[in-house]
Asks: 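Dropping a structure here in structure tokens format, bear with me for questions.
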Amino acid sequence: MVDLSRVTFMDSTGINIFIAAHRALTEAGGWIRLAAPTEAVMRLLQIVGVDAVIDCRETLRQALSN
């Protein structure tokens, strides 16, 4: 789980890190979840389609629950 609540900007490097982590964790039988992204970061995740591949939750509490 990655808490994004204090991230105000993300570029392609951040996106690529999350995609690489998702692939590696999935292959190992794990998962990644993004928690509480700011509005700007969530918009970017939606534009590039990361939200369709990686589980994104609105709040940290939601991300910590199943």
Side-chain angles (χ1 to χ4, degrees):
M1 198 269 304
V2 181
D3 181 357
L4 298 175
S5 62
R6 295 186 181 190
V7 177
T8 59
F9 174 80
M10 185 180 302
D11 63 10
S12 61
T13 302
I15 297 294
N16 288 331
I17 288 170
F18 287 139
I19 295 296
H22 170 72
R23 286 182 182 149
L25 290 166
T26 301
E27 288 175 8
W31 53 269
I32 185 171
R33 182 177 292 158
L34 305 179
T38 58
E39 187 176 328
V41 171
M42 188 62 198
R43 182 172 166 202
L44 174 65
L45 296 172
Q46 291 170 334
I47 288 169
V48 298
V50 169
D51 66 320
V53 178
I54 298 175
D55 188 12
C56 298
R57 304 285 176 98
E58 282 187 37
T59 67
L60 184 56
R61 181 176 288 246
Q62 289 174 344
L64 293 171
S65 66
N66 290 334

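Since the model is a prediction, treat every value here as computed from it, not as a measurement. Counting begins at 1 with the first residue of the sequence.
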Asks: Would you name the heavy atoms of Glu58 and Gln62 that are closest together and state the gap between them?
Replies: N-OE1, 3.1 Å
Asks: Any idea which heavy atoms bring Ala36 and Asp3 closest together, and the distance?
Replies: CB-OD1, 4.3 Å
Asks: How many angstroms lie between atom CE of Met10 and atom CD1 of Ile15, to the nearest 0.5 angstrom?
Replies: 5.5 Å
Asks: So, applying side chain to side chain contact (heavy atoms under 4.5 Å, CB included) with Phe18, which one of Val48, Val53, Leu4 is it?
Replies: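 Among Val48, Val53, Leu4, the one meeting side chain to side chain contact (heavy atoms under 4.5 Å, CB included) with Phe18 is Leu4.
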Asks: Which pair of non-hydrogen atoms, one from Ala35 and one from Met1, has the smallest distance, and what is that distance?
Replies: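 Taking every non-hydrogen atom into account, CB-SD, 3.4 Å.
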Asks: Measure the OG-CG distance between Ser5 and Leu34 for me, rounded to the nearest 0.5 Å.
Replies: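 Here the rounded value is 12.0 Å.
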Asks: Between Thr38 (side chain only) and Thr8 (backbone N and O only), is there a donor and an acceptor less than 3.5 Å apart?
Replies: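 Flag not set: sc Thr38 to bb Thr8 has no pair under 3.5 Å.
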Asks: Is there side-chain contact between Cys56 and Leu45, with heavy atoms separated by less than 4.5 Å?
Replies: yes
Asks: Rounded to the nearest 0.5 Å, how far does CZ of Arg23 lie from CD1 of Ile32?
Replies: 12.5 Å
Asks: Would you kindly confirm whether Val2 and Leu25 end up in one hydrophobic cluster when ILVMFWY residues are joined by side chain heavy atoms under 4.5 Å apart?
Replies: yes
Asks: Going by heavy atoms in the side chains, are Thr59 and Leu64 under 4.5 Å from each other?
Replies: no
Asks: Measure the CG-CG distance between Asp11 and Leu44 for me, rounded to the nearest 0.5 Å.
Replies: 8.5 Å
Asks: For Arg33 versus Ser65, what's the shortest heavy-atom pair and its separation?
Replies: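 That closest heavy-atom pairing would be NH1-O, 3.1 Å.
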